[in-house]
Amino acid sequence: DVKVTQSSRYLVKRTGEKVFLECVQDMDHENMFWYRQDPGLGLRLIYFSYDVKMKEKGDIPEGYSVSREKKERFSLILESASTNQTSMYLCASSSTRDRVFDTQYFGPGTRLTVL
Amino acid sequence: RKEVEQDPGPFNVPEGATVAFNCTYSNSASQSFFWYRQDCRKEPKLLMSVYSSGNEDGRFTAQLNRASQYISLLIRDSKLSDSATYLCVVNTPSTGGFKTIFGAGTRLFVKA
């Protein structure tokens with residue numbers, strides 16, 4: 001079974017802190033994604049990566065950065081956390097080269113609260 | 001207009017009922033379609049892909065209508081365990097490739 005793990009289930013941080021969210025997948029997937037999920041808005045793509053050291057902006061990249069130094073690990077960084085970044089953060093990975101038909105496998109999510 | 005729209009519900013149905021969800025998408029060039037299921041406080045998981053000819057998996061049937069740009073999910077003989085949020089997912093051509101768009105989800109409550 002594909003396993004995607006995230007470093008924390010719950011996280012509470014203060015405004016202005018630097019926050020690291022880590023995601024690891026164990027199935028040698030090429031593609032990795034970071035989403036945030038808010039009530040009524042669904043999942044919104046923050047950043048994604050199709051290869052090591054490669055990253056592309058999603059729909060809402062402002063206030064975030066990412067790092068992919070190893071194939072299995074994709075980190076989301078909030079340089080200076082703000083209250084409007086309080087959300088559920090979901091990491092996902094997928095494997096096929098034909099990305100149109102791929103299935104995304106999600107981690108359990110990190111619920112981040114910024115005070 | 002949202003690129004993928006779903007009725008947020010909630011749908012409250014008794015056990016054994018048949019329930020149907022629709023989802024509309026705005027880009028006629030969209031290429032692949034899925035239904036995901038998300039339990040409360042859990043991550044989304046693929047329920048089924050949606051093919052042009054329609055496809056069935058046990059009590060679940062998915063249909064695609066390209067002319068009207070909607071997909072549907074039919075659940076027959078609802079079980080308590082079907083209670084969840086159902087996400088419509090569409091892969092759409094985008095600059096540099098494609099993008100995956102998730103609907104906001106439809107909540108289903110199945111009651112005894």
Side-chain angles (χ1 to χ4, degrees), chain A residues 1-6 8-10 21 23 25 27 29-51 54-61 87-112, chain B residues 1-10 21 23-27 29-52 55 57 62 64 66 71 84-107:
Chain A
D1 271 355
V2 175
K3 190 153 187 193
V4 181
T5 57
Q6 294 184 227
S8 306
R9 291 300 304 273
Y10 300 94
L21 303 181
C23 174
Q25 49 93 4
M27 286 300 292
H29 284 176
E30 296 86 4
N31 316 317
M32 296 189 76
F33 309 83
W34 274 107
Y35 296 90
R36 63 179 282 178
Q37 186 175 30
D38 301 287
L41 296 178
L43 276 80
R44 292 182 290 167
L45 183 63
I46 305 171
Y47 268 97
F48 59 100
S49 169
Y50 291 142
D51 203 351
M54 176 271 179
K55 59 187 178 185
E56 290 194 32
K57 293 179 180 179
D59 297 319
I60 52 164
S87 187
M88 169 68 86
Y89 289 88
L90 288 156
C91 174
S93 71
S94 67
S95 68
T96 74
R97 289 194 175 275
D98 182 0
R99 297 194 294 270
V100 173
F101 296 99
D102 69 8
T103 297
Q104 294 191 21
Y105 297 88
F106 285 85
T110 296
R111 186 166 292 281
L112 172 67
Chain B
R1 181 186 172 191
K2 289 183 181 177
E3 293 179 275
V4 175
E5 290 202 72
Q6 298 181 247
D7 181 343
F21 309 136
C23 165
T24 58
Y25 59 94
S26 61
N27 190 331
S30 297
Q31 297 188 33
S32 56
F33 309 87
F34 309 87
W35 285 101
Y36 278 67
R37 170 195 168 125
Q38 186 172 23
D39 293 306
C40 189
R41 296 194 178 89
K42 299 277 192 177
E43 71 273 22
K45 293 184 180 178
L46 178 68
L47 179 65
M48 58 198 303
S49 302
V50 187
Y51 304 116
S52 296
N55 48 300
D57 183 3
L64 167 63
R66 282 192 183 273
I71 68 172
T85 297
Y86 292 84
L87 307 177
C88 170
V89 182
V90 176
N91 283 342
T92 296
S94 179
T95 305
F98 81 102
K99 63 178 179 178
T100 301
I101 305 168
F102 287 78
T106 298
R107 294 193 73 184

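Chain A is the first sequence line, chain B the second, and so forth, proteins listed ahead of strands; every chain is numbered from 1. Nothing here was measured: the structure is a model prediction, and the numbers come from that model.
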B/Arg107 CZ: over 12 foreign heavy atoms closer than 6.0 Å: no
Top contributor to chain B contacts, counting heavy-atom pairs under 4.5 Å, from A/Gly40, A/Pro39, A/Gly107, A/Gly58: A/Gly107
Segment of B/Pro44 engaging chain A (4.5 angstrom heavy-atom cut-off): both
A/Leu43 portion near chain B, given a 4.5 angstrom heavy-atom threshold: both
Closest heavy-atom pair and its distance - B/Tyr36, A/Gln104: OH-N, 2.9 Å
Region of B/Gln38 that comes under 4.5 Å of a non-hydrogen atom in chain A: side chain
Heavy-atom contact with chain A under 4.5 Å, split by part of B/Phe33: neither
Contact origin within A/Gln37 toward chain B - heavy atom pairs under 4.5 Å: side chain
Contacting moiety of A/Phe48, where chain B heavy atoms sit under 4.5 Å: neither
Chain B contact via A/Arg9 - which portion, at a heavy-atom distance below 4.5 Å: side chain
Contact origin within B/Ile101 toward chain A - heavy atom pairs under 4.5 Å: neither
